[in-house]
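Reminder, nothing fancy here: chain letters follow the sequence lines and each chain counts from 1. What you are looking at is a predicted structure, and each value in this text was computed from that prediction instead of being measured.
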Protein chains: 2
Amino acid sequence: MAPRISEEAKEEKRLALLDAALECFSQKGYYASSVDDIVRYSNLSKGSVYNYFDSKEDIFISLLQHQTKTSLERLNKVLREIESPLEKLKYWINLDIPFNLHKKKMMRVHIEFWMYSSDSPDVKKVLTDRFDTVLGIVKDIIAEGIEAGEFKKDVDPEKAAGMFWALHDGLWLHTLVRFDEKQLEERIKEIETTMLAYLT
Amino acid sequence: MAPRISEEAKEEKRLALLDAALECFSQKGYYASSVDDIVRYSNLSKGSVYNYFDSKEDIFISLLQHQTKTSLERLNKVLREIESPLEKLKYWINLDIPFNLHKKKMMRVHIEFWMYSSDSPDVKKVLTDRFDTVLGIVKDIIAEGIEAGEFKKDVDPEKAAGMFWALHDGLWLHTLVRFDEKQLEERIKEIETTMLAYLT
DNA sequence: TTATAAAAACTGACTGGATAGTTTATATAA
DNA sequence: TTATATAAACTATCCAGTCAGTTTTTATAA
């Protein structure tokens, strides 16, 4: 007759489940995390989970889509507010400072997505689209910067964007495995000086 | 079907099993690979596998140790034969050219090791040691290069080594997910020019 | 206002299938 | 003969997904 909870409350629970999933997947990876683990991190029962998602894989893919959507939206919003390409890049580089645990979880689960993508065309599609979008944004910023005279004319936007992003992801990979927050921040500052020296 | 085989033959079988494991783990990851999968890729039976290894995890960790040992040995051997630090770095950068499938598998399973390391102190230990060793080698080469006057004096060997290695791993991560062999090779050449320009 | 009906949402014990690891019977080189 | 490598069958465990029963909320008739 009438829904017991409102649409917003429902969406909230869905998000809470995705949050619990992020916690699990970022700690133990996709396969090692059981649905019972996710249930333990949420305030719901196992049965309820299946009111919100079709399967464990559905939770995983939904988490990927949610992360992709929100992070791109936030990024675009902020970049639109910055005028200078140089400042945009600086902002982006410093996005990862200060280090926080949530970012670490996001990055950990993101690599989990990548590893899983060889099994799932759906995941692969979302990830390659996201990859190309991000790379496209960096490339455009660099191209703008060249046009505006802020960056060197002989820089290839495509290649520079690829380097920038590889450096970013490599740094994060190392942070997950070896570095602590302080070291990450030092290294990010080093990227800033080096990349900007390379571009300007 | 052949009792009393020599030690060499035994070691050969062990290596063949590690090879089968590399195949599986690089394709599907640790958890998604079953022992039966590994058996299928080897010429042995399941029961036999347990004559060589204690468990699936033991296979995984043995693969990590084997890879670590052989790759570091090979690297050190070659680097010892090169005099100039600049040439050493150039050689290293081009180690990944030409692209080949075996390297891709190695890199894929290496990331699998990294992801697994949060669960296993043993894996973590081997990986951090390996990481520090590799980074130490790069750092030493750069320091030598500075002393020999081949590199700029104001370069910080520690930081430069960190950047170099982050770039390397980031690039490979992207190659696993998005790029093809041709793109990897182009990007590696780009690293060469940029890194060497940064150092000299 | 209140009793009842109906729908939605939740629960957790259970099941079927998968698979890590073990045992056993057989084959064979030494 | 005998030690052991092997294959195949076996066992125990785990876990994704199900479902029958319960609780909560809303609607509405009296």
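- Per the geometry, OH belonging to B:Tyr52 stands 17 Å off P belonging to C:dT22, to the nearest Å.
- Here the rule is side-chain contact (heavy atoms from CB on, under 4.5 Å) with A:Leu64, and of A:Val126, A:Leu18, A:Val109 only A:Val126 fits it.
- Among residues at least two apart or in separate chains, there is no ring pair (Phe, Tyr, Trp, His ring centres under 6.0 Å) pair with a member in residues 67-89 of chain A.
- With sequence neighbours excluded, the residues forming a side-chain hydrogen bond (donor to acceptor under 3.5 Å, both in side chains) with B:Tyr31 are B:Asp119, listed by chain and number.
- For A:Ser117, the side-chain contact (heavy atoms from CB on, under 4.5 Å) partners at least two apart in sequence or on another chain are A:Val123, A:Lys124, A:Leu127.
- Remark: nothing in residues 22-30 of chain A comes within less than 4.0 Å of DNA chain C through any heavy atom.
- In this structure, OH of A:Tyr31 is placed 13 Å from C1' of D:dA16, rounded to the nearest angstrom.
- A:Glu83 is linked by a salt bridge (charged side-chain N to carboxylate O under 4.0 Å, His left out) to nothing, counting only residues two or more places apart in sequence or in another chain.
- For A:Phe53 and D:dA16, the CZ to C1' distance is 16 Å, given to the nearest whole Å.
- Rounding to whole angstrom units, CG of residue B:Asp58 and P of C:dA20 are separated by 15 Å.
- The side-chain hydrogen bond (donor to acceptor under 3.5 Å, both in side chains) check on A:Glu190 picks up B:Tyr198, with sequence neighbours excluded.
- Distance CG (B:Leu44) to P (C:dA27): 19 Å, rounded to an integer number of Å.
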Donor-acceptor pairs under 3.5 angstrom involving side-chain atoms of residues 19-29 of chain B: please list them, not counting sequence neighbours.
unit_1  : atom_1 : unit_2   : atom_2 : d
B:Glu23 : OE1    : B:Lys105 : NZ     : 2.7
B:Glu23 : OE2    : B:Gln27  : NE2    : 3.1
B:Ser26 : OG     : B:Leu22  : O      : 2.8
B:Ser26 : OG     : B:Glu23  : O      : 3.1
B:Gln27 : NE2    : B:Tyr41  : OH     : 3.2
B:Lys28 : NZ     : B:Asp37  : OD2    : 3.1

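- Residue pairs meeting the side-chain hydrogen bond (donor to acceptor under 3.5 Å, both in side chains) criterion with at least one member in residues 127-156 of chain A, sequence neighbours excluded: A:Thr68-A:Arg130, A:Ser84-A:Glu150, A:Lys125-A:Asp129, A:Asp132-B:Arg178, A:Lys139-A:Glu158.
- One can place CD of B:Glu57 at 13 Å from P of C:dA20, the figure rounded to the nearest angstrom.
- In this structure, A:Phe131 and B:His174 have perpendicular ring planes: the angle between them is above 60°, well past the 30° mark.
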Contacts under 3.5 Å, N or O only, protein and nucleotides 8-15 of chain D:
none

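- Nucleotide C:dT11 holds its C1' atom 14 Å from the CG atom of A:Asn43, rounded to whole Å.
- Distance, A:Asn51 CG to D:dA16 P: 17 Å, rounded to whole Å.
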